Amino acid sequence: MIRHEQGSECGGPQPLLRPLDLGGLRLPNRVVMAPATRARAANADLAPTDLHAAYYAQRAGAGLIVAEGAWVSERAIGFPDVPGVFSERQVAGWSRVTGVVHALGGRIVLQLWHTGANSHPDHLGGALPWGPSAIDPGEVSPTPSGRKATVTPHAMTLADIERTVADYRAAAENARRAGFDGVEIAANGTYLLAQFLNPRLNRRADAYGARRDRLPLEVVDAVTEVWGERRVGVRLSPFWSEADRPRGPVRAAPTRSPPTRRSARATTAWSPRWTDARSPTCTCAARPRPRRAHGRTSTRSPGTASCSTGR
């Protein structure tokens, strides 16, 4: 429980407990709950349950809740018992969650998630997971029968990419119908959008290889068409894993073509900040100016409050 009546030594409220306007939302404090994969949707529909509603209701006193990642489609699945946001039953389940959070005075946004090549055929009815190129990411996928090594994925065709962007747009629409206050696009860690950003895994010879940020920015555009620019966040991480961390000084990449029409502004709705790919730390900041670095838009800025580590 957050105690808003606490004061600082100077007699005013402590900085963490001061209100903040963020993306058109009035936050009563600057405590932001990070997304945490909980794997509690233990039903055939992968729909949120009363347990999800109780969990988020208990945390409604936070300035903002970023709910756990939800699958944007069946093709996106890569963990057991994680809820989706692509079916009517899932939307109904999330509606109960947002209803109770709002009734308690809280604000909640949903993270949109696609594991890409970090998935496993066990999640996909035996089909290969999708990735930017036919290169095994060398990760481990949690499956219903235990942890298994990833496999060489199916290299996505242009039609697959178009379908994936449409899946993100549909998921964003479903999140809006479910009553969320915004969405966060998961482009961090070892998952699909981060795979396209990774030069080790993205060896494409087309436009999505020439500009590795093209798919993430197209997803941002699709989602902001649903939500507008101020209610969309993007979670980024600078490195895939310790093996990908560069040694020595990091040099800026050559200048590339500018981001798509809404992408640079959309990423400033709530500002992602991080330590590394395994433990990103989200901070809530007031609309920093995005800058281009290493072929993608980033929003590194001083945060006004930090939250617990999330995915």
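Computed from a prediction, not measured in an experiment: that's the story for all the values here. Side chains are part of it too, since the values below use all heavy atoms of this structure and drop only hydrogens, waters and symmetry mates.
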Hey, what do you get for [atom1] ([X]) to [atom2] ([Y]), rounding to the nearest 0.5 Å?
{"X": "L197", "Y": "R211", "atom1": "CG", "atom2": "CZ", "answer": "11.0 Å"}
{"X": "T150", "Y": "D136", "atom1": "OG1", "atom2": "CG", "answer": "3.5 Å"}
{"X": "L46", "Y": "I77", "atom1": "CG", "atom2": "CD1", "answer": "5.0 Å"}
{"X": "R38", "Y": "Y55", "atom1": "CZ", "atom2": "OH", "answer": "5.0 Å"}

Give a yes or no on whether the backbone of [Y] and the side-chain of [X] come within a donor-acceptor separation of less than 3.5 Å.
{"X": "S119", "Y": "G116", "value": "no"}
{"X": "H114", "Y": "L192", "value": "no"}
{"X": "R30", "Y": "P28", "value": "no"}
{"X": "E225", "Y": "R169", "value": "no"}
{"X": "S73", "Y": "D167", "value": "no"}
{"X": "S133", "Y": "R203", "value": "yes"}
{"X": "T224", "Y": "W227", "value": "no"}

Q. Checking side chain to side chain contact (heavy atoms under 4.5 Å, CB included) against M156, which of Q195, E162, R204, R163 comes through?
A. R204
Indicate whether any N or O donor in one side chain lies under 3.5 Å from an N or O acceptor in the other, for [X] and [Y].
{"X": "H102", "Y": "D181", "result": "yes"}
{"X": "E173", "Y": "Y168", "result": "no"}
{"X": "D160", "Y": "T157", "result": "yes"}
{"X": "N118", "Y": "T190", "result": "yes"}

Identify the two heavy atoms, one from [X] and one from [Y], that lie closest to each other, and give their separation to 0.1 Å.
{"X": "V85", "Y": "A175", "answer": "CG2-N, 4.0 Å"}
{"X": "A117", "Y": "G131", "answer": "CB-CA, 4.2 Å"}
{"X": "A57", "Y": "L104", "answer": "O-CD1, 3.5 Å"}
{"X": "A127", "Y": "R75", "answer": "CB-NH2, 4.0 Å"}

Q. Between E139 and K148, is there a side-chain N and carboxylate O pair less than 4.0 Å apart?
A.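 No, this pair does not count.
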**Q.** F180 ring center within less than 6.0 Å of W94 ring center
**A.**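 W94 vs F180: aromatic centres under 6.0 Å.
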**Q.** Cationic tip of R212 above F196 ring, under 6.0 Å, 45° of axis
**A.** no
Q: State, yes or no, whether a side-chain contact exists between E68 and T37 at a heavy-atom distance under 4.5 Å.
A: no
Q.
Please evaluate residues Y191 and W113 with respect to the criterion ring-ring contact (aromatic ring centres under 6.0 Å, His included), reporting the C-alpha separation (whole Å), side-chain torsions for both, the decisive distance (0.1 Å), and the verdict.
A. CA-CA 8 Å; Y191 309 115; W113 194 14; 5.2 Å; yes
Q: Determine, step by step, whether E184 and R231 satisfy the salt bridge (Lys or Arg N to Asp or Glu O under 4.0 Å) criterion, reporting the C-alpha distance in whole Å, the side-chain angles of both residues, the deciding distance to 0.1 Å, and the verdict.
A: CA-CA 8 Å; E184 178 183 83; R231 295 294 180 94; over 6 Å; no
